[in-house]
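Reading through the structure tokens given below for one structure.
For ligands, and for the atoms within them, numbers begin at 1 and follow the listed sequence.
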Amino acid sequence: MSEPINVVVTGAAGQIAYSLLYQLAAGSVFGPNQPINLRLLDIPVMMTVLDGVIMELEDLALPLLREITPTADPNVAFKDVAAAFLVGSMPRKEGMERKDLLAANAEIFKVQGKALDQHARKDVKVLVVGNPANTNAWICSHHAPSIPKENFTAMTRLDQNRAQAALAARLNVSVDKVKNVIIWGNHSSTQYPDAAHATVNLQGSTKPVPSVVNDDNWLNTTFVEKIQKRGAAVISARKMSSAMSAAKAAGDHMRDWWIGTKPGEWVSMGVLSDGSYGIPRDIVFSFPVAIENGQYKIVQGLPINDLARSKLSITSKELEEERTEANNVLQNK
Ligand code: NAI
């Protein structure tokens with residue numbers, strides 16, 4: 001058994017955290033031999049709710065879960081953390097412009113970036129879930145100059161899982177038979193779910209998804225729009241945003257980053273662009289990555305056709321605009 005690591009979850013009294021905390025405590029993210037201390041950050045008015053969550057965590061009676069620290073103080077929450085799930089953010093309220101949402105969240109992620117900078121381990125792995133996730137991750141990393149920029153990532157794993165499930169349903173196979181579908185760009189409706197490089201295992205032999213589906217119109221329009229609009233479809237049916245599936249995706253993202261991907265397989269993560277595939281540098285863009293020894297590398301050399309190129313350009317433009325807005329907001333403070 002290893003020494004316990006400190007793990008912080010922000011927005012700990014919220015919906016996503018409610019499902020995520022069980023996975024962390026049960027060992028499905030950091031492994032069955034890694035005890036954890038949980039730091040639970042939320043805002044002061046949520047502390048009573050958080051008390052209830054803590055009672056439930058205790059009642060899970062799970063041996064890997066050691067100390068639990070509820071707090072509204074980022075300086076306490078981020079102390080010596082090895083992994084950070086930044087889930088809490090200001091939700092969009094009625095009549096709120098996108099700019100107002102960005103402004104409210106820019107401040108939250110600036111404060112948390114500074115707290116990470118001062119208090120976290122320098123090798124901390126940060127996953128931003130709270131929206132706008134990519135730009136929040138960018139803001140956070142800019143306020144944590146002592147932590148390498150590659151340690152800040154944004155979640156597009158839910159989109160990847162949705163895409164994988166949609167392809168498996170179309171091909172009438174179980175979801176584990178489909179690999180290497182890619183989410184490019186922003187976690188927003190401009191994202192590009194790309195099945196061009198995906199494979200499916202049919203009776204033990206691996207085949208390219210596009211040739212098995214054999215319907216470019218479905219792959220290039222119906223499939224793409226279904227994934228882009230899936231979050232909105234869940235909200236419309238449930239009257240609340242995806243939470244169980246978002247928490248599962250957050251666990252998947254961190255587990256793969258912590259433990260690694262299998263040879264020849266990749267996953268999608270929002271990471272700081274290094275200019276790969278002609279994407280502008282210095283935006284947090286979702287790329288296919290392969291992970292070894294806790295380090296991810298952007299998968300290189302995949303052919304990009306004209307359709308994909310135009311979609312990549314739309315989503316990278318949106319991220320550049322969000323970065324400009326975030327800069328304006330932060331400079332005017
Ligand atoms: P929720 O509203 O149930 O919970 C959010 C929690 O964050 C609340 O308890 C709130 O008090 C807390 N919070 C607000 N400001 C905070 C601060 N400064 N510090 C710490 N905690 C703070 O929301 P839910 O459903 O858990 O979603 C959380 C976020 O995740 C939202 O921004 C949502 O849009 C985003 N999301 C992202 C997905 C992705 O794929 N990247 C998928 C689904 C949701």
Distance filter under 4.0 Å, heavy atoms only, around ligand 1 gives G11, A13, G14, Q15, I16, L41, D42, I43, M46, V87, G88, S89, I108, Q112, V129, G130, N131, M155, L158, H187, S241, S242, A246

side-chain contact (heavy atoms from CB on, under 4.5 Å) partners of A249, counting only residues at least two apart:
M155, R157, L158, N161

Result block: side-chain N/O donor-acceptor pairs under 3.5 angstrom for residues 16-33, not counting sequence neighbours:
unit_1	atom_1	unit_2	atom_2	d
Y18	OH	E56	OE1	3.2
Y18	OH	E56	OE2	2.7
Q23	NE2	A247	O	3.1
S28	OG	Q23	O	3.1

What orientation do H253 and W257 show, parallel under 30°, tilted 30 to 60°, or perpendicular over 60°?
perpendicular

Could you tell me which residues satisfy side-chain contact (heavy atoms from CB on, under 4.5 Å) with I314, sequence neighbours excluded, listed by chain and number?
T190

Please tell me whether Q300 and S276 have a donor and an acceptor in their side chains that are separated by less than 3.5 angstrom.
yes

Test side chain to side chain donor-acceptor pair (under 3.5 Å), reference E322, set N136, N134, T135, output is T135

